[in-house]
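Just so you know, residue 1 is the first one in the sequence shown, and it goes up from there.
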Amino acid sequence: MMILDKIATLLEEVKAMSATNAEEIEALRLKYLSKKGEISMLMNDFRSVPAEQKKEVGIKINELKQTALDRLNALKKQFETSDSQTDGIDLSRTPYPIALGTRHPLTIVTNEIIDIFSRMGFILADGPEVEDDLHVFTKMNFAADHPARDMQDTFFVEQSALGDVTKNILLRSHTSSVQARVMESTQPPIRIICPGRVYRNEAITARAHCFFHQVEGLYIDRNVSFTDLKQVLLSFAREMFGADTKIRLRPSYFPFTEPSAEMDISCHICGGKGCGFCKHTGWVEILGCGMVDPNVLEQCGIDSSIYTGYAFGMGVERITNLKYQVSDLRMFSENDTRFLREFESAE
């Protein structure tokens with residue numbers, strides 16, 4: 001009978017099916033089991049089969065269909081097993097190697113600064129970037145009409161009325177606000193460093209940005225002197241820039257310290273002889289510092305007749321420039337992978 005012969009032929013073909021990939025398996029499925037496939041077409045011939053033979057032919061068709069399904073499943077399983085045993089290699093992945101990332105240069109330098117001061121006994125302190133006027137300015141001894149409070153220097157977020165008091169909410173312009181919060185809640189001895197991002201309303205240029213990073217330090221205890229401050233900063237400079245580094249302190253002014261100073265280090269490019277980097281002076285400024293003003297201590301609930309302290313603050317971008325001679329501050333925030341790859345060996 002012709003239909004039985006056709007079934008027998010298809011059965012041999014199905015038993016001999018082979019494939020080397022998923023696409024070939026899918027092609028075999030379409031050929032034999034799809035709605036327009038060979039086995040489905042048998043149903044057209046099945047209608048003309050005499051009634052007394054329909055049972056026999058129906059059984060043969062079902063056996064053929066089941067054999068085809070079993071064979072296709074076996075091929076799929078064989079292919080999946082073979083694919084999973086390719087030594088863990090994903091053959092669908094791009095042949096190009098995936099580049100590993102690296103820490104940002106500011107993170108590298110910040111971690112180095114933290115490590116140096118941690119070994120001197122300083123502990124980390126953190127605080128909110130969205131702050132209030134009280135902790136950013138008032139408790140840091142800024143006068144009510146100080147220019148830093150003006151809109152030209154500070155990003156104000158909102159003003160909220162608390163009874164008869166108006167509370168200014170702003171983006172912190174220095175991490176000194178962290179010092180204020182620690183002094184409020186902790187009695188001396190206090191020895192902390194406060195790394196973090198700060199914001200100032202400045203034009204973005206190669207030498208300035210509207211946001212940057214600081215690390216500030218604070219030490220308060222009995223009988224703390226300016227000599228203690230100088231020795232700590234000298235140790236830091238030599239750890240960061242080399243054992244031959246010299247420092248000098250120049251008188252300056254900050255609302256929250258008295259006396260105040262700015263610290264220079266001997267230029268590590270020319271060794272203090274004078275070059276274009278240090279503007280031929282042999283010195284490069286890196287930070288501001290001073291003894292904590294007694295008004296700051298009293299504002300934060302610390303008895304200034306018993307305790308004294310010193311504070312210092314530095315810009316991380318400034319230190320990074322000195323170490324790696326990056327000429328444009330904007331490069332730190334533009335995510336240029338060509339620039340970032342230069343620091344892969346600096347970690």
Side-chain angles (χ1 to χ4, degrees), residues 109-128 131 134-142 172-196 198 213-241 245-265 285-316 318-319:
V109 172
T110 300
N111 288 343
E112 188 173 354
I113 295 171
I114 291 171
D115 178 65
I116 292 170
F117 283 109
S118 294
R119 285 186 270 116
M120 297 185 198
F122 289 80
I123 62 174
L124 279 175
D126 194 15
E131 260 289 6
L134 178 67
H135 292 92
V136 174
F137 294 126
T138 303
K139 295 209 170 190
M140 287 292 109
N141 202 37
F142 282 79
R172 66 184 182 188
S173 55
H174 50 196
T175 54
S176 302
S177 56
V178 180
Q179 299 180 23
R181 288 187 174 275
V182 171
M183 286 188 284
E184 273 183 341
S185 58
T186 309
Q187 283 297 304
I190 298 171
R191 193 194 298 257
I192 59 171
I193 50 172
C194 318
V198 299
H213 300 77
Q214 285 186 333
V215 175
E216 295 195 21
L218 174 71
Y219 177 43
I220 300 174
D221 204 346
R222 298 173 186 266
N223 303 317
V224 177
S225 68
F226 203 96
T227 302
D228 300 324
L229 169 62
K230 181 179 179 181
Q231 188 58 47
V232 164
L233 296 180
L234 177 61
S235 299
F236 163 73
R238 290 179 173 174
E239 285 276 349
M240 179 63 73
F241 299 104
T245 303
K246 299 179 178 62
I247 69 169
R248 72 176 184 184
L249 297 168
R250 294 178 287 105
S252 186
Y253 167 76
F254 303 108
F256 35 84
T257 53
E258 179 59 39
S260 303
E262 289 180 344
M263 190 181 93
D264 303 330
I265 62 168
E285 178 192 341
I286 67 166
L287 57 83
C289 60
M291 299 299 294
V292 179
D293 192 296
N295 289 337
V296 173
L297 296 176
E298 296 294 339
Q299 285 270 11
C300 295
I302 295 175
D303 191 340
S304 62
S305 65
I306 300 175
Y307 298 104
T308 56
Y310 61 71
F312 56 85
M314 67 192 77
V316 178
R318 178 67 170 164
I319 303 298

Who pairs with [X] by side-chain hydrogen bond (donor to acceptor under 3.5 Å, both in side chains), at least two apart in sequence or on another chain?
X      : value
Glu298 : Ser304
Ser185 : none
Arg318 : none

Main-chain N/O of [Y] paired with [X] side-chain donor or acceptor, under 3.5 Å:
X      : Y      : result
Arg172 : Gly127 : yes
Gln187 : Gly301 : yes
Arg238 : Thr245 : yes
Thr175 : Pro195 : no
Asp264 : Arg248 : no

Do [X] and [Y] have side-chain heavy atoms sitting under 4.5 Å apart?
X      : Y      : value
Lys230 : Ile247 : yes
His174 : Phe256 : yes
Thr257 : Ser252 : no
Ile220 : Thr308 : no
Val296 : Met183 : yes
Val182 : Leu218 : no
Ile286 : Met314 : no
Ser173 : Phe137 : yes

Ring centres under 6.0 angstrom apart (Phe117, Phe312):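 So the answer is yes for these two rings.
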
For the [atom1] atom of [X] and the [atom2] atom of [Y], what is their distance to the nearest 0.5 Å?
X      : Y      : atom1 : atom2 : value
Ile113 : Ile193 : CD1   : CD1   : 8.5 Å
Glu285 : Arg250 : CD    : CZ    : 5.5 Å
His213 : Thr110 : NE2   : OG1   : 7.0 Å
Ile123 : Ile190 : CD1   : CD1   : 9.5 Å
Cys300 : Arg181 : SG    : CZ    : 11.0 Å
Glu262 : Leu287 : CD    : CG    : 9.0 Å

Derivation and outcome, side-chain contact (heavy atoms from CB on, under 4.5 Å), residues Tyr219 and Val232: CA-CA 11 Å; Tyr219 177 43; Val232 164; over 6 Å; no

How close do [X] and [Y] get, heavy atom to heavy atom, and via which atoms?
X      : Y      : value
Val136 : Ser177 : CG2-CB, 4.0 Å
Cys289 : Leu233 : SG-CD1, 3.8 Å
Asp221 : Pro189 : OD2-CB, 3.4 Å

side-chain contact (heavy atoms from CB on, under 4.5 Å) evaluation trace for Arg119 with Asp115: CA-CA 6 Å; Arg119 285 186 270 116; Asp115 178 65; 3.0 Å; yes

Exceeds 12 heavy-atom contacts within 6.0 angstrom, atom CG of Asn223: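 No, the 6.0 Å shell around CG holds no more than 12 heavy atoms from other groups.
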
Check against side-chain contact (heavy atoms from CB on, under 4.5 Å), Asp293 and Phe254: CA-CA 9 Å; Asp293 192 296; Phe254 303 108; over 6 Å; no

Flag for Ser225-Asp228: side-chain donor and acceptor within less than 3.5 Å: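 Distance-only check passes for Asp228 and Ser225.
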
Stepwise side-chain contact (heavy atoms from CB on, under 4.5 Å) check, Thr186 with Ile192: CA-CA 11 Å; Thr186 309; Ile192 59 171; over 6 Å; no

Identified side chain to side chain donor-acceptor pair (under 3.5 Å) partner of Gln179 from the options Glu184, Glu216, Lys139: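 Looking at Glu184, Glu216, Lys139, the match for Gln179 under the side chain to side chain donor-acceptor pair (under 3.5 Å) is Glu216.
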
